Amino acid sequence: MGGSVVVKLACVLVICMVVAGGEAAITCEQVVSALTPCLSYMENGGAVPPGCCKGIKALNSAAKTTADRQAACNCLKTLSKSYKGLNLGLASGLPGKCGVSIPYKISPSTDCTKVT
């Protein structure tokens with residue numbers, strides 16, 4: 001992974017840690033870690049890496065409570081705002097490509113307080 005990508009992910013992780021609050025068991029660090037294998041796809045498209053779907057499925061399974069789902073949503077929302085190379089169309093379609101249904105769209109405009 002290139003140096004600039006590592007720096008971007010580190011910045012996003014710090015932002016996510018500031019944004020996340022409440023009693024969620026899921027951390028932004030977990031969200032970023034789960035999505036790291038997906039970055040090349042979310043930037044450039046192409047084939048979805050197998051490790052990407054594994055991370056998305058694990059993250060979806062870990063989001064058991066409303067607080068967990070809202071925390072993951074907030075982290076994804078922050079990531080979608082902060083990571084400039086991200087193709088939002090590819091990012092929002094990724095869960096479906098991995099056979100996972102999430103109750104919100106990955107977008108900077110998502111209202112995560114409405115996620116249940």
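Bear in mind that the values here come from a model prediction, so they are computed numbers and not experimental data.
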> At their closest point, which heavy atom of Cys98 faces which heavy atom of Lys57, and how far apart are they?
O-CE, 2.8 Å
> Donor-acceptor check, side chain of Ser82 to backbone of Leu79, threshold 3.5 angstrom: yes or no?
no
> Taking the side chain from Thr110 and the backbone from Cys112, do they hold a donor-acceptor pair closer than 3.5 Å?
no
> Closest heavy-atom contact between Leu90 and Gly45?
CD1-N, 3.4 Å
> Taking only residues two or more places apart in sequence, or in another chain, which ones meet Asp111 in a side chain to side chain contact (heavy atoms under 4.5 Å, CB included)?
Thr113, Lys114
> With sequence neighbours left out, write down each residue that passes side chain to side chain contact (heavy atoms under 4.5 Å, CB included) with Ile102, or none if nothing qualifies.
Asn60, Pro95, Val100, Tyr104, Ile106
> Give the minimum heavy-atom separation between Lys77 and Ser107, together with the two atoms involved.
CG-O, 3.6 Å
> Taking side chain as C-beta onward, heavy atoms only, is Arg69 less than 4.5 Å from Pro103?
yes
> Using side-chain heavy atoms (C-beta onward) and a distance below 4.5 Å, is Leu76 in contact with Leu35?
yes
> State whether the SG distance for the cysteine pair Cys38/Cys52 is less than 2.5 Å.
yes
> So do the side chains of Ser80 and Leu88 get within less than 4.5 Å of each other, counting heavy atoms only?
yes
> Given 3.5 Å as the limit, does a donor-acceptor pair link the side chain of Ser33 with the main chain of Glu29, or not?
no
> Quick one: are Asp68 and Thr65 in side-chain contact, heavy atoms under 4.5 Å?
yes
> Given side-chain contact (heavy atoms from CB on, under 4.5 Å), test Leu86 with Glu43 step by step and report yes or no.
CA-CA 5 Å; Leu86 196 69; Glu43 290 174 337; 5.6 Å; no
> With side chains defined as the heavy atoms from C-beta onward, is the minimum distance between Tyr41 and Lys97 less than 4.5 Å?
yes
> Taking side chain as C-beta onward, heavy atoms only, is Val115 less than 4.5 Å from Thr66?
no
